[in-house]
Amino acid sequence: MQDIMINEILASDPTKPVLIAGPTASGKSDLALEIATRSGGVIVNADALQVYENWRILSARPSKNDEDKAPHSLYGHISWDQDYSVGEWLRDVRILLNGDNRLIIVGGTGLYFTALTQGLADIPPTSQEIRETANKLLAQHGIQHLLNALDDETRAAIDVQNPMRVQRAWEVLTQTNRSIVDWQRTTPAPILRLDRALPILFDIEKDILNGRIETRFQKMIELGALEEVRENYDRWDPTLLSSKAIGAPELIAYLAGETTLDDACTRATIATRQFAKRQRTWFRSKMGLWRRYSPHAK
RNA sequence: GGCGGGUUGGCGGAGAGGUUACGCACCGGAUUGCAAAUCCGUGUAGACCGGUUCGAUUCCGGUACCCGCCU
């Protein structure tokens with residue numbers, strides 16, 4: 001099964017980028033590496049946290065050894081205190097797409113793949129000032145306050161109970177004077193149409209995946225996750241995107257003496273499992289046309 | 001052996017004679033720019049047996065188990 005799939009990919013039209021999506025701990029990076037080493041191409045990261053330079057172990061980024069075997073892109077290229085988002089990722093990928101190498105895009109961030117193959121509204125990035133104002137307004141006056149500033153159409157279109165969604169709508173309107181739904185209505189064509197790519201979705205039985213997740217965090221600890229987190233201890237800022245890496249807040253809490261290592265591991269494992277569930281939900285609902293790949297099936 | 005307290009959904013943990021406590025986990029879902037984020041939804045649980053009552057998880061009695069104190 002596995003070999004058939006790989007052979008098919010190796011024999012496929014080399015102008016088509018290979019897309020590999022899948023939940024954490026599914027082994028998708030291994031597949032990407034195998035394809036890259038056997039047929040060439042550059043492996044491109046499609047994971048929101050593997051872009052961070054400071055979390056090689058925690059974000060399960062390819063090892064230096066792996067990186068020597070094939071060219072890798074968009075891994076660890078963002079520093080710990082920088083913002084990053086789908087928009088920037090898309091800009092990064094567009095540049096690579098225009099290059100000569102075949103792209104093997106791998107990752108677990110469903111939003112990235114959806115934006116890549118279905119398009120993303122061309123909204124200018126939110127300025128730092130507006131972001132901070134929004135944060136402040138939300139914290140001080142609550143979600144309703146931001147909601148009141150929106151137009152009816154937007155209010156009807158977004159999840160008004162979700163502060164993130166409401167804040168985003170508010171930020172877009174405030175910054176561009178145009179509602180987010182209006183922007184979305186004029187979403188440009190995707191950078192890469194699905195039929196111009198080879199989209200593969202790792203489809204792993206829940207119990208099997210949970211079994212792998214169960215041992216995953218312990219392995220990270222053995223690889224030195226604790227040291228990695230310790231290096232970030234003094235500059236720790238929980239509001240940064242990079243601080244959202246699963247395991248980071250948990251291990252920071254342990255280093256701060258707020259909990260035991262055992263408890264930190266348990267909570268990180270739970271968070272990983274929950275994350276995988278959300279990924280599955282995304283894949284199920286938005287990636288129906290992707291070719292399923294079940295390497296662990298018996 | 002005696003006296004007292006306790007026994008609530010997977011776990012933690014409340015109140016009330018007749019509405020869903022709640023939190024966590026689990027499961028399902030949403031999600032076009034912080035997405036490893038954020039949010040939404042789902043639980044006939046009340047140790048067991050009997051009684052009182054129109055109605056008991058809530059009152060009464062007994063049984064079992066647990067925890068104290070006493071002999």
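Quantities reported herein were computed from a predicted structural model and do not represent experimental measurements. The sequence lines fix the lettering, A, B, ..., with proteins before strands; numbering per chain opens at 1. FYI, side chains are in, hydrogens and waters are out, and symmetry mates aren't considered; it's all heavy atoms of this structure.
Of the residues A:Val42, A:Leu74, A:Ile105, the one that meets the side-chain contact (heavy atoms from CB on, under 4.5 Å) test with A:Leu96 is A:Leu74.
Side-chain atoms of A:Pro163 lie closest to B:rU38 of the nucleotides B:rA36, B:rU38, B:rG33. Taking the side chain of A:Thr281 as heavy atoms from C-beta on, and the options B:rA36, B:rC34, B:rG29, the nearest nucleotide is B:rG29.
Note that CZ of A:Arg284 is 11.0 Å distant from CG of A:Leu201, once rounded to the nearest 0.5 Å.
Residue contacts shown for A:Ile180 are limited to sugar-phosphate atoms, with no base heavy atom under 4.0 Å away. Contact annotation for A:Arg284: backbone-only contact, meaning every heavy-atom pair under 4.0 Å involves sugar-phosphate atoms and none involves a base. Within 4.0 Å of A:Gln161, counting heavy atoms only, lie sugar-phosphate atoms of the nucleic acid but no base atom. Here A:Ala121 lies in heavy-atom contact (under 4.0 Å) with a base. Residue-level contact check: A:Arg267 touches neither bases nor backbone, having no heavy atom under 4.0 Å from any strand. A:Thr187 comes within 4.0 angstrom of a nucleotide base, judged by non-hydrogen atoms across all strands. Contacts of A:Gln167 with the nucleic acid, taken as non-hydrogen atoms under 4.0 Å apart, include base atoms. Contact annotation for A:Thr114: no contact, since no heavy-atom pair falls under 4.0 Å across all strands. Nucleic acid contact class of A:Gln118 (heavy atoms, under 4.0 Å, all strands): none. Heavy atoms of A:Leu241 sit under 4.0 angstrom from primed sugar atoms or phosphate atoms, though from no base atom. Nucleic acid contact for A:Trp282: base, since at least one base atom lies under 4.0 Å from a heavy atom of the residue.
The environment of CZ in A:Arg178 is crowded: more than 12 heavy-atom neighbours from other residues, nucleotides or ligands sit within 6.0 Å. Heavy atoms of other residues, nucleotides or ligands lying less than 6.0 angstrom from CZ of A:Arg235 number more than 12.
If you check the side chains of A:Thr114 and A:Trp282, you find a donor sitting under 3.5 Å from an acceptor. Inspection of the A:Asn210 and A:Glu214 side chains reveals no N or O donor paired with an N or O acceptor under 3.5 Å. Using modelled atom types and a 3.5 Å distance limit, the side chains of A:Gln175 and A:Thr126 yield no donor-acceptor pair. Side-chain contact of A:Asp262 with A:Thr260: a donor-acceptor pair under 3.5 Å is absent, judged by distance alone.
Residue A:Arg278 contributes atom CZ, which lies 9 Å from atom C1' of B:rU38 at whole-angstrom precision. A straight line from CG of A:Asn232 to P of B:rA36 spans 19 Å, rounded to a whole angstrom. B:rC34 atom P lies 14 Å from atom CG of A:Leu138, rounded to whole Å. When rounded to the nearest whole Å, the span between CZ of A:Phe113 and C1' of B:rU31 equals 17 Å. One atom, NZ of A:Lys244, and another, C1' of B:rG33, lie 15 Å apart when rounded to the nearest Å. When the P atom of B:rG33 is taken as reference, atom CG of A:Leu173 falls 14 Å away, rounded to whole Å. Rounding to whole angstrom units, CE of residue A:Met164 and P of B:rU32 are separated by 16 Å. One atom, CD1 of A:Ile130, and another, P of B:rC34, lie 15 Å apart when rounded to the nearest Å.
Under 4.0 angstrom from either OP1 or OP2 of B:rG29 there lies no side-chain N or O belonging to A:Ser285. Residue A:Lys286 places at least one side-chain N or O closer than 4.0 Å to OP1 or OP2 of B:rU31. Of the side-chain N and O atoms in A:Arg165, one or more sit less than 4.0 angstrom from OP1 or OP2 of B:rG33. Close to B:rA36, at under 4.0 Å from its OP1 or OP2, lies a side-chain N or O of A:Thr109.
The residue among A:Trp183 and A:Met220 whose nearest nucleotide of RNA chain B is located toward the 5' end is A:Trp183. For A:Asn162 and A:Pro124, each mapped to the nucleotide of RNA chain B holding its nearest heavy atom, the one lying further toward the 5' end belongs to A:Pro124.
Using a distance-only test at 3.5 Å, with no hydrogens or angles considered, a donor-acceptor pair links the side chain of A:Trp55 to the main chain of A:Ser242. Put simply, the side chain of A:Gln118 never gets that close to the backbone of A:Pro190: no donor and acceptor are under 3.5 Å apart. Using modelled atom types, no side-chain atom of A:Ser39 and backbone atom of A:Ala36 make a donor-acceptor pair closer than 3.5 Å.
Remark: the separation of the C1' atoms in B:rG6 and B:rU71 is 23 Å, to the nearest Å. Nucleotides B:rA56 and B:rG51 have their C1' atoms positioned 11 Å apart, rounded to a whole Å. Atom C1' of B:rG9 sits at a distance of 13 Å from the matching atom of B:rC22, rounded to the whole Å. Comparing the same atom, P, in B:rG55 and in B:rC40 gives a spacing of 41 Å after rounding to whole Å. When the C1' atom is used for both B:rU57 and B:rC67, the distance is 22 Å, rounded to whole Å. Distance check on atom C1': B:rA25 versus B:rG62 gives 37 Å, rounded to whole Å. Nucleotides B:rG46 and B:rG10 place their C1' atoms 15 Å apart, quoted to the nearest Å. Rounded to a whole angstrom, the distance from the P atom of B:rG50 to that of B:rU58 is 14 Å.
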Problem set entry | Bracket string, RNA chain B, 5' to 3' - pairs by Watson-Crick or G-U geometry under 3.5 Å, | interstrand | (((((((..(((.....[...)))..((((.......)))).....(((((..]....)))))))))))).

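Ion pair A:Asp68/A:Lys64 not flagged as a salt bridge, since none of the NZ, NE, NH1 or NH2 atoms sits closer than 4.0 Å to an Asp/Glu carboxylate oxygen.
Two residues are said to be in side-chain contact when any heavy atoms from C-beta on lie closer than 4.5 Å; A:Tyr52 and A:Ser243 fail this criterion.
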Which atoms of nucleotides 23-25 of chain B (N or O only) lie under 3.5 Å from a protein N or O atom, and what are those distances?
| from | atom 1 | to | atom 2 | distance (Å) |
| --- | --- | --- | --- | --- |
| B:rA25 | OP1 | A:Gln274 | NE2 | 3.1 |

